[in-house]
Amino acid sequence: MSDILRSIIFFIVVIGLAFLFLNLLPYIIIIGIIIWVCFKLYKYFKIKDIGKKQNVNKKEAFKKEDSFEEMKNEAVDVDYTEIKK
């Protein structure tokens, strides 16, 4: 008799948990979508901020480089030998 009672209680608990899960499922999905969107927005703005910093660094590096005209023809002459195969 106790096996039947234990089986009935187990069945009721499983049905109750399934019912509770199905009722909470829409809320779980909505919360998951909100968290996903927040992570995507965070990543988008982080990449955008890094991109701005890199553009600024590129502009500063370009300004710091000497152009060929400013070098006053002080180019380095490199000797090389051609290798025949």
Side-chain angles (χ1 to χ4, degrees):
M1 186 74 150
S2 66
D3 290 337
I4 295 173
L5 184 61
R6 194 177 302 159
S7 297
I8 292 172
I9 291 174
F10 178 75
F11 182 72
I12 290 172
V13 168
V14 169
I15 295 295
L17 290 175
F19 182 73
L20 180 66
F21 177 74
L22 290 176
N23 282 335
L24 293 177
L25 187 62
Y27 300 111
I28 293 171
I29 291 172
I30 290 172
I31 291 171
I33 290 172
I34 291 171
I35 292 171
W36 180 76
V37 168
C38 289
F39 279 124
K40 288 294 182 179
L41 288 174
Y42 173 74
K43 187 175 179 182
Y44 171 76
F45 286 118
K46 184 177 178 183
I47 290 173
K48 191 173 180 181
D49 186 41
I50 290 172
K52 286 182 182 178
K53 289 179 184 177
Q54 286 179 350
N55 285 339
V56 170
N57 291 340
K58 287 179 184 177
K59 290 177 183 177
E60 289 175 2
F62 183 72
K63 288 179 184 178
K64 291 178 184 177
E65 290 181 5
D66 294 332
S67 66
F68 184 73
E69 295 171 359
E70 292 175 356
M71 291 175 52
K72 299 180 184 178
N73 297 328
E74 296 177 8
V76 177
D77 187 21
V78 177
D79 293 329
Y80 67 95
T81 57
E82 192 170 318
I83 299 174
K84 294 182 181 180
K85 291 185 179 181

Rounded to the nearest 0.5 angstrom, the CD1-CD1 distance for Ile9 and Ile4 is 12.5 Å
**Prompt:** Leu41, Ile35: one ILVMFWY side-chain cluster at the under-4.5 Å cut-off?
**Reply:** no
I want to check something: taking the side chain as every heavy atom from C-beta on, are Trp36 and Lys40 in contact at a cut-off of under 4.5 Å? yes
For Tyr42, the other hydrophobic cluster members (4.5 Å side-chain criterion, sorted by chain and number) are none
Taken to the nearest 0.5 Å, the spacing of Ile15 CD1 from Ile12 CD1 works out to 9.5 Å
Distance col, row Leu22:CG vs Leu17:CG, nearest 0.5 angstrom, shows 11.0 Å
Those residues at least two apart in sequence (or on a different chain) that pass side chain to side chain contact (heavy atoms under 4.5 Å, CB included) with Ile33 are Ile29, Val37
**Study point:** ILVMFWY network linking Tyr27 to Phe19, side-chain heavy atoms under 4.5 angstrom
**Key:** no
Margin query: Assigning hydrophobic clusters by single linkage (Ile, Leu, Val, Met, Phe, Trp, Tyr; side-chain heavy-atom cutoff under 4.5 Å), is Phe39 placed with Ile31?
Written below: yes
